[in-house]
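Note on naming: letters A, B, ... go to the chains in the order of the sequence lines (proteins, then strands), and numbering restarts at 1 for each one. Treat the numbers as computed from the prediction; the structure is a model and nothing was measured.
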2 protein chains.
Amino acid sequence: MKNSVDIVVNTDFLKAYLISKQLSESEFAKTIGVSHSTVNRILNGKRNLGSKFIGGLLKNFHDLSFELVFSYENKLPKGNEVQSVI
Amino acid sequence: MKNSVDIVVNTDFLKAYLISKQLSESEFAKTIGVSHSTVNRILNGKRNLGSKFIGGLLKNFHDLSFELVFSYENKLPKGNEVQSVI
DNA sequence: TTTTATTATTACCAAAAGGTAATAAAAGGG
DNA sequence: CCCTTTTATTACCTTTTGGTAATAATAAAA
């Protein structure tokens with residue numbers, strides 16, 4: 001399989017945003033229409049983004065634009081990940 | 001589960017775009033970094049969008065913007081879909 | 001019309017994302 | 001400090017998405 005491009009979220013930005021708006025992960029999750037665990041895992045880098053998260057966020061937080069919150073990340077084909085040198 | 005928002009693609013627009021650019025589904029798939037079957041299923045409404053499709057498209061086709069190709073769709077919680085009357 | 005190549009569709013399976021519910025951690029109130 | 005409430009984390013399972021490969025459909029060439 002060739003190189004693909006995933007969408008990733010700027011977690012530091014989003015965490016700061018939630019703090020500035022005094023929103024808990026659960027409140028945020030409820031607003032964008034996903035479960036609190038989904039939000040938690042995404043903020044902690046344990047899950048990639050799905051269409052629900054992206055859509056829910058952009059649809060419900062009009063002060064957050066795609067460019068502001070998300071970016072692209074090149075994913076190498078299976079088995080070609082960069083290995084740790086340690 | 002509450003109402004969630006999915007991202008959907010304007011299939012008519014995208015199909016017309018591919019024709020205008022003389023791109024087959026396979027060529028398009030290769031460019032955006034997903035398999036041809038993924039493209040086919042999305043164009044025919046048999047699959048929802050994933051982050052790879054969205055990211056691959058926006059990253060590789062700079063004349064296509066998020067607003068131009070995608071839109072939002074409210075999904076009702078499981079078991080609350082609108083039933084056919086027939 | 002048969003053969004070959006390209007394009008589109010789908011069955012099958014693997015990987016990833018999402019939810020529920022249980023648990024842990026943190027914050028307040030007494 | 002103990003009890004309660006809110007918030008965050010994760011184990012377990014279900015649903016959805018993605019790829020490969022097989023098949024079907026279409027087109028182009030001889």
Side-chain angles (χ1 to χ4, degrees), chain A residues 1-9 11-12 14-60 69-70 72-81, chain B residues 1-9 11-12 14-60 69-70 72-81:
Chain A
M1 187 51 207
K2 81 174 282 295
N3 227 317
S4 68
V5 180
D6 259 329
I7 299 177
V8 291
V9 67
T11 53
D12 288 340
L14 190 53
K15 283 178 183 176
Y17 178 82
L18 295 185
I19 290 169
S20 79
K21 297 282 179 179
Q22 310 240 64
L23 279 172
S24 69
E25 294 178 2
S26 292
E27 289 172 310
F28 179 68
K30 198 172 185 181
T31 303
I32 72 175
V34 299
S35 74
H36 52 120
S37 56
T38 293
V39 168
N40 181 271
R41 287 180 291 218
I42 287 173
L43 284 177
N44 291 311
K46 297 180 179 171
R47 279 281 201 293
N48 272 84
L49 297 166
S51 146
K52 284 187 189 195
F53 186 93
I54 304 170
L57 186 148
L58 294 176
K59 186 70 180 296
N60 293 290
V69 190
F70 304 109
Y72 306 109
E73 188 167 275
N74 284 74
K75 291 277 179 150
L76 294 167
K78 266 279 169 205
N80 293 77
E81 293 85 0
Chain B
M1 189 49 209
K2 81 175 282 296
N3 228 314
S4 68
V5 180
D6 260 330
I7 298 178
V8 292
V9 67
T11 54
D12 289 338
L14 190 54
K15 283 178 182 175
Y17 178 84
L18 295 184
I19 289 170
S20 78
K21 297 283 179 179
Q22 309 241 63
L23 280 172
S24 69
E25 294 179 2
S26 292
E27 290 171 309
F28 178 68
K30 197 172 186 181
T31 305
I32 72 175
V34 299
S35 75
H36 52 121
S37 56
T38 295
V39 168
N40 182 271
R41 287 180 291 217
I42 288 173
L43 283 178
N44 292 309
K46 297 182 178 171
R47 278 283 202 294
N48 274 81
L49 298 166
S51 145
K52 285 185 189 195
F53 186 95
I54 304 170
L57 186 149
L58 294 177
K59 186 71 180 294
N60 293 289
V69 190
F70 304 108
Y72 306 108
E73 187 168 274
N74 284 74
K75 292 276 180 150
L76 293 167
K78 266 279 171 202
N80 292 77
E81 293 85 0

Trainee: In this structure, how many angstroms lie between the C1' atom of C:dT7 and the CG atom of B:Leu18, rounded?
Mentor: 13 Å
Trainee: Among residues at least two apart in sequence or on other chains, which ones pass side-chain hydrogen bond (donor to acceptor under 3.5 Å, both in side chains) with B:Ser26?
Mentor: none
Trainee: Does A:Asn60 have any side-chain hydrogen bond (donor to acceptor under 3.5 Å, both in side chains) partners at least two apart in sequence or in another chain, and if so, which?
Mentor: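 Per chain and number, A:Asn60 pairs via side-chain hydrogen bond (donor to acceptor under 3.5 Å, both in side chains) with no residue.
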Trainee: Return the set of residues passing side chain to side chain contact (heavy atoms under 4.5 Å, CB included) with B:Val8 (not counting sequence neighbours), or none when no residue passes.
Mentor: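 B:Val8: side chain to side chain contact (heavy atoms under 4.5 Å, CB included) contacts with B:Ser71, B:Glu73.
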Trainee: Do any side-chain nitrogens or oxygens of B:Ser35 fall under 4.0 Å of OP1 or OP2 in D:dG19?
Mentor: yes
Trainee: Would you tabulate the side-chain donor-acceptor contacts of residues 47-58 of chain A under 3.5 Å, counting partners in other chains and residues two or more places apart, or write 'none'?
Mentor:
{"from": "A:Ser51", "atom 1": "OG", "to": "B:Asp6", "atom 2": "OD1", "distance (Å)": "3.1"}
{"from": "A:Ser51", "atom 1": "OG", "to": "B:Ile7", "atom 2": "N", "distance (Å)": "3.2"}

Trainee: Tabulated below should be each protein N or O lying under 3.5 Å from an N or O of nucleotides 7-12 of chain D; please produce it.
Mentor:
{"from": "D:dA8", "atom 1": "OP2", "to": "A:Glu25", "atom 2": "N", "distance (Å)": "2.9"}
{"from": "D:dT9", "atom 1": "OP2", "to": "A:Glu25", "atom 2": "OE2", "distance (Å)": "3.4"}
{"from": "D:dT9", "atom 1": "OP2", "to": "A:Asn40", "atom 2": "ND2", "distance (Å)": "2.3"}
{"from": "D:dT9", "atom 1": "OP2", "to": "A:Asn44", "atom 2": "ND2", "distance (Å)": "2.9"}
{"from": "D:dT9", "atom 1": "O5'", "to": "A:Asn40", "atom 2": "ND2", "distance (Å)": "3.4"}
{"from": "D:dT10", "atom 1": "OP2", "to": "A:Lys46", "atom 2": "NZ", "distance (Å)": "2.0"}

Trainee: From NZ of A:Lys52 over to C1' of D:dT17, roughly how many Å is that when rounded to an integer?
Mentor: 12 Å
Trainee: How would you list, by chain and number, every residue that makes a side-chain hydrogen bond (donor to acceptor under 3.5 Å, both in side chains) with B:Thr38, sequence neighbours excluded?
Mentor: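 Scan of B:Thr38 (side-chain hydrogen bond (donor to acceptor under 3.5 Å, both in side chains), adjacent residues dropped) gives B:Ser35.
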Trainee: Reading DNA chain D 5' to 3', what string of ( ), [ ], | and . shows its pairs, if Watson-Crick and G-U wobble pairs count only when both distances fall under 3.5 Å?
Mentor: ||||||||||||||||||||||||||||||
Trainee: Mind checking what makes salt bridge (Lys or Arg N to Asp or Glu O under 4.0 Å) contact with B:Lys21, not counting sequence neighbours?
Mentor: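 Salt bridge (Lys or Arg N to Asp or Glu O under 4.0 Å) check on B:Lys21 returns B:Asp63.
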Trainee: Could you give all pairs that pass the ring pair (Phe, Tyr, Trp, His ring centres under 6.0 Å) test and reach residues 20-52 of chain A, with sequence neighbours left out?
Mentor: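 Listed by first then second residue: A:Phe28-A:Phe61.
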